[in-house]
Amino acid sequence: MKKTDLFIFDVNTLVSAFLVGSFKNNDAFRRALQIGFVITTHKVKKELAEVFVREKFDQYISLEERISILSFLETQIIELAEPDERIFVCRDEKDNKYLDIAVHYRASCIITGDKDLLVLRPFKNIPILSASDFLKIF
């Protein structure tokens with residue numbers, strides 16, 4: 001492993017890591033930052049921000065705290081250009097964006113709990129891992 005490793009987290013994993021208290025997901029995110037870089041695109045960052053401010057998360061954490069977490073994530077996640085080529089293999093079409101990013105930027109892995117992505121593992125030699133598996137490997 002080298003500090004040039006690139007990691008992708010799906011939105012649900014980040015929500016779980018920072019809003020609903022999944023220690024494994026949070027640990028995986030922090031580990032990824034220690035050994036490499038977490039990358040995404042503007043579209044995914046926009047989706048993350050939209051999800052973070054949903055009222056349903058008020059029961060877990062205040063809006064002010066969620067906005068603070070988004071500010072933190074803004075400084076930690078590197079936003080890259082949208083890939084030109086699109087991949088259409090995931091049974092949940094909205095998850096293809098993670099494959100697009102991973103393939104285009106040759107990511108070290110995708111970290112997710114989404115079964116629609118996990119069933120594809122590995123995809124074009126890119127591991128798709130749960131947070132627990134990521135922590136075991138990295």
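Numbers here are sequence positions counted from 1. FYI, side chains are in, hydrogens and waters are out, and symmetry mates aren't considered; it's all heavy atoms of this structure.
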Ignoring hydrogens and geometry, is there a side-chain-to-backbone donor-acceptor pair from Asp5 to Gly36 under 3.5 Å?
-> no
Under 4.0 Å between a Lys/Arg side-chain N and an Asp/Glu carboxylate O for Arg121 and Asp133?
-> yes
Any donor-acceptor pair under 3.5 Å from Arg66 side chain to Phe52 backbone = yes
Tyr98 vs Cys90, side-chain contact (heavy atoms from CB on, under 4.5 Å): CA-CA, chis, key distance, verdict | CA-CA 10 Å; Tyr98 302 111; Cys90 193; over 6 Å; no
Approximate separation, where rounding is to 0.5 Å, of Ile87 CD1 and Leu99 CG | 5.5 Å
More than 12 heavy atoms from other groups under 6.0 Å of CZ on Phe72 = yes
Is there a side-chain contact between Lys97 and Lys43 (heavy atoms, below 4.5 Å)?
-> no
Flag the pair Glu47 and Lys94 as a salt bridge only when some basic side-chain nitrogen lies within less than 4.0 angstrom of an acidic carboxylate oxygen.
-> no
Go through the steps to decide whether Phe29 and Phe18 satisfy the test ring-ring contact (aromatic ring centres under 6.0 Å, His included), and finish with yes or no.
-> CA-CA 10 Å; Phe29 182 79; Phe18 291 96; 5.3 Å; yes
Assess whether atom CD of Gln59 is packed by more than 12 heavy atoms of other residues, nucleotides or ligands within 6.0 Å.
-> yes
Would you check, one step at a time, whether the test side-chain contact (heavy atoms from CB on, under 4.5 Å) holds for Lys115 with Arg91?
-> CA-CA 10 Å; Lys115 290 181 171 100; Arg91 60 188 180 201; 4.0 Å; yes
Would you mind reporting whether Leu14 and Leu19 have side-chain heavy atoms less than 4.5 Å apart?
-> no
Is there a side-chain contact between Asn96 and Arg86 (heavy atoms, below 4.5 Å)?
-> yes
Arg31 side chain to Phe138 backbone, donor-acceptor under 3.5 Å = yes
List the steps and the verdict of side-chain contact (heavy atoms from CB on, under 4.5 Å) for Leu118 and Leu120.
-> CA-CA 5 Å; Leu118 289 169; Leu120 299 172; over 6 Å; no
Do Phe9 and Ile110 have side-chain heavy atoms sitting under 4.5 Å apart?
-> no
Ring-ring centroid check Phe37 Phe7, cutoff 6.0 Å | no
Regarding Ser16 and Asn25, is there a side-chain donor-to-acceptor distance under 3.5 Å anywhere?
-> yes
Return yes when atom CD of Gln34 has more than 12 non-hydrogen atoms of other residues, nucleotides or ligands closer than 6.0 Å, and no otherwise.
-> yes
Could you check if a side-chain atom of Leu135 sits within less than 4.5 angstrom of a side-chain atom of Asp27, using non-hydrogen atoms only?
-> yes
Between CD1 of Ile128 and OG1 of Thr112, what distance do you get to the nearest 0.5 Å?
-> 8.0 Å
Side chain Ser108, main chain Leu6, donor-acceptor under 3.5 Å = yes
Between Ala28 and Phe134, what is the shortest heavy-atom contact and its length?
-> O-CE2, 3.3 Å
May I ask you to test the Thr41-Asp100 pair for a side-chain heavy-atom distance under 4.5 Å?
-> no
Return yes if a side-chain donor-acceptor contact under 3.5 Å exists between Glu65 and Ser68, otherwise no.
-> no
Side chain to side chain contact (heavy atoms under 4.5 Å, CB included) with Leu73: which of Leu48, Val38, Thr40?
-> Leu48
Ile67 backbone acceptor or donor facing Ser71 side chain under 3.5 Å = yes
Does a salt bridge link Glu74 with Lys45, judged by any charged N lying under 4.0 Å from a carboxylate O?
-> yes
Residue pair Gln76, Leu33: steps toward the side-chain contact (heavy atoms from CB on, under 4.5 Å) verdict | CA-CA 8 Å; Gln76 301 301 309; Leu33 291 177; 3.5 Å; yes
Where do Ile126 and Cys109 come nearest, in terms of heavy atoms and distance?
-> CG2-CA, 3.9 Å
Hey, does Ser130 have a side-chain heavy atom less than 4.5 Å from the side chain of Ile111?
-> no
Might you confirm whether atom CG of Asn125 has over 12 heavy atoms from other residues, nucleotides or ligands at distances under 6.0 Å?
-> no
Taking the side chain as C-beta and beyond, is there a heavy-atom pair between Leu80 and Ile101 under 4.5 Å?
-> no
